[in-house]
Amino acid sequence: MRALVLARAAVRIAVALVPFVACAKDPAPTALTIWAFEERSGTDGADVPLAGAQVAFDPPGGGARMLGTIAPDGHATFEADFTAGGGMVSVFDADHVLVSVYAPSPDAARERPNRIGKPASDVVMFAPRLDDAVRRATVELHGALVSKHDLTSSIDLSASGVPQLGATETTDPSYVLRAPRGRPFFLIGHESHNVTLAAQNIENELLGSFRVDMPALDADTTHDVDIAKATKLGTHLVHTRAEFPKSVTSAFGTGTSGFGTVVSADSGILLAPIKSSRPSSDGHAFDLEMSVAETDVAPERPLTRVSLVAADGSRSVRLEPGIAADGTTWSDFLAPPFVAASATPTALTDPIVVDDFPAGGELVMNVYAGTQLAWIIEGSARALDGPIVLPVPLEVRLPALVAVSFVARADRVDLPPRGEVYRRVSTSHDVLFRR
């Protein structure tokens, strides 16, 4: 704990009358309660506490790390002086991505209150499952793809009820994906031909969309999908336009690609694949078409997702609950945050300066170990008051070099009956750091 330094009198006078100097006193510590849950993976059921997970609190001002354990109801409490700023809280469980909140405090939490009924001054954290944990909790579904139009057509197949690893796109005559264990689900498929595939011009011919309703499975299963016998789905076209964000450091321009789809907010289901994507005549927007399959996916919720991807990998996404109206124009994309990459990667614990961060946005840092998301760091409402200085990770399972993307998200909106989404999300190009 860092003591506050109180000003003393510049000149000692009347020593005989005041034979002592008042000493600085430690401020009264403030309690901070942390709640840790598994990231929501469905539309029903209670939040699952990460009971027994390790939690670390690096107090503001660089004090000694405090360690604790998440209680059965999902909480842990620490006390500290939060007037110094900075600090970090982290939750580690072997089956989940390491999650942290940078610069947490009761006041910062109140500025961005949680929406699951916990006190506004508490910090609520959600940890996604690692891929290996998802594999253990699901079943493998595999089989042949029968009655394709021809050998060169592509099949996009996805399963309901699985937030990760439940989708595949293949030109092979077979498929493999993950499916939920112990409950009925359905598959949505789209067969298509690629007509044109260029950096800035995509044209696909949709040969058909289909649905296969599946019973509950308790073990890995072989199931051949006969496209000719599957339930055929009607489709309709939705046209949208995506206009580039304006920013001095934005990389959108030559080499940018645009994409428009409808997905499930709860799983990897693809409801509307890309029909076409063409740059506008002035080069500052994309005109997009998507083929929306007409089927009821309740209790899952459809989500329109429109993306702009720059040549350097930075991107901006516009999300909207439901299926967008035909003719919608998206003109409020966030510019991606900018972090200068050095010729030689610096240490992840060195000060990090994030420039051109969108006003009102919330900061997230995603740290990747190869292709696996390994660490999520959410910035509190006060995270960008100065350079970011991260403590050493709570649990080191990172390679020597890691890729970090810096995310800005804004316009949080509820997704009834539970969950939320951010309408505007932008992500920087990947920046390499030493562990």
Side-chain angles (χ1 to χ4, degrees), residues 36 38-39 50 53-68 70 86-104 125-136 164-165 249 251 309-315 336-357 363-380 383-384 386-409 425-435:
E38 183 172 278
E39 185 177 69
L50 290 183
Q54 187 177 20
V55 57
F57 179 58
D58 294 284
R65 172 172 284 175
M66 307 176 196
L67 296 176
I70 298 296
M88 192 160 75
V89 62
S90 302
V91 175
F92 167 72
D93 179 83
D95 287 337
H96 294 81
V97 174
L98 176 65
V99 291
S100 301
V101 173
Y102 182 75
M125 307 168 69
F126 293 94
R129 286 186 181 184
L130 291 169
D131 287 352
D132 286 346
V134 172
R135 292 185 181 95
R136 292 194 297 271
Q164 297 163 240
L165 308 179
T249 57
V309 182
D312 68 352
S314 59
R315 55 197 180 274
F338 180 78
V339 177
S342 61
T344 302
T346 57
L348 196 55
T349 51
D350 287 348
I352 300 170
V353 177
V354 181
D355 291 322
D356 202 21
F357 196 82
L363 171 68
V364 179
M365 298 169 60
N366 291 324
V367 182
Y368 291 88
T371 59
Q372 173 70 65
L373 177 60
W375 188 12
I376 299 173
I377 306 160
E378 293 192 7
S380 75
L384 289 169
I388 297 168
V389 181
L390 300 176
V392 174
L394 168 60
E395 188 276 342
V396 178
R397 57 181 169 197
L398 302 177
L401 285 178
V402 296
V404 182
S405 61
F406 296 82
V407 180
R409 60 189 189 188
V425 181
S426 64
T427 305
S428 72
H429 60 82
D430 288 346
V431 181
L432 290 180
F433 289 89
R434 301 196 313 274
R435 182 181 61 210

Here the pair of heavy atoms bringing Met88 nearest to Val101 is CG-O, 3.1 Å
Review point. Do Tyr102 side-chain atoms and Val364 backbone N/O form a donor-acceptor pair below 3.5 Å?
Key: no
Steps toward side-chain contact (heavy atoms from CB on, under 4.5 Å) verdict (Thr346, Phe433):
CA-CA 5 Å; Thr346 57; Phe433 289 89; 3.7 Å; yes
Value for CD1 (Ile376) from NE2 (His96), rounded to nearest 0.5 Å, stands at 11.0 Å
On a heavy-atom basis, the closest approach of Thr349 and Val389 is O-CG1, 3.8 Å
| Taking the side chain as C-beta and beyond, is there a heavy-atom pair between Met365 and Val354 under 4.5 Å? | no
Q) Does some side-chain heavy atom of Leu50 sit less than 4.5 Å from a side-chain heavy atom of Glu38? A) yes
CG of Asp93 to CD1 of Ile70, rounded to nearest 0.5 Å, is 10.0 Å
One should read off an interatomic distance between Arg409 CZ and Thr427 OG1, to the nearest 0.5 angstrom, of 11.0 Å
- Query: Below 4.5 Å, heavy atoms only, C-beta onward: do Val89 and Met125 meet side chain to side chain?
  - Reply: yes
All heavy atoms of Pro391 vs all of Arg65, minimum pair found to be CB-NH2, 3.9 Å
| query | Can you check whether Pro345's main-chain N or O pairs, donor with acceptor, with Arg434's side chain at less than 3.5 Å? | reply | yes
State, yes or no, whether a side-chain contact exists between Ser405 and Asp430 at a heavy-atom distance under 4.5 Å. yes
Heavy-atom nearest pair, Ser428 first then Pro337, reads CB-O, 3.3 Å
- Below 4.5 Å, heavy atoms only, C-beta onward: do Arg136 and Arg129 meet side chain to side chain? no
Rounding to 0.5 Å, atoms CG (Leu67) and CG (Asp58) come to a distance of 8.5 Å
Can you tell if the side chain of Ile377 reaches within under 4.5 Å of the side chain of Ile388, non-hydrogen atoms only?
no
For Glu39 and Phe126 the tightest heavy-atom approach is CA-CB, 4.0 Å
Taking every heavy atom of Val407 against every heavy atom of Phe357, the minimum-distance pair comes out as O-CE1, 3.9 Å
Would you check if Trp375 and Val402 make a side-chain contact, meaning some heavy-atom pair closer than 4.5 Å? no
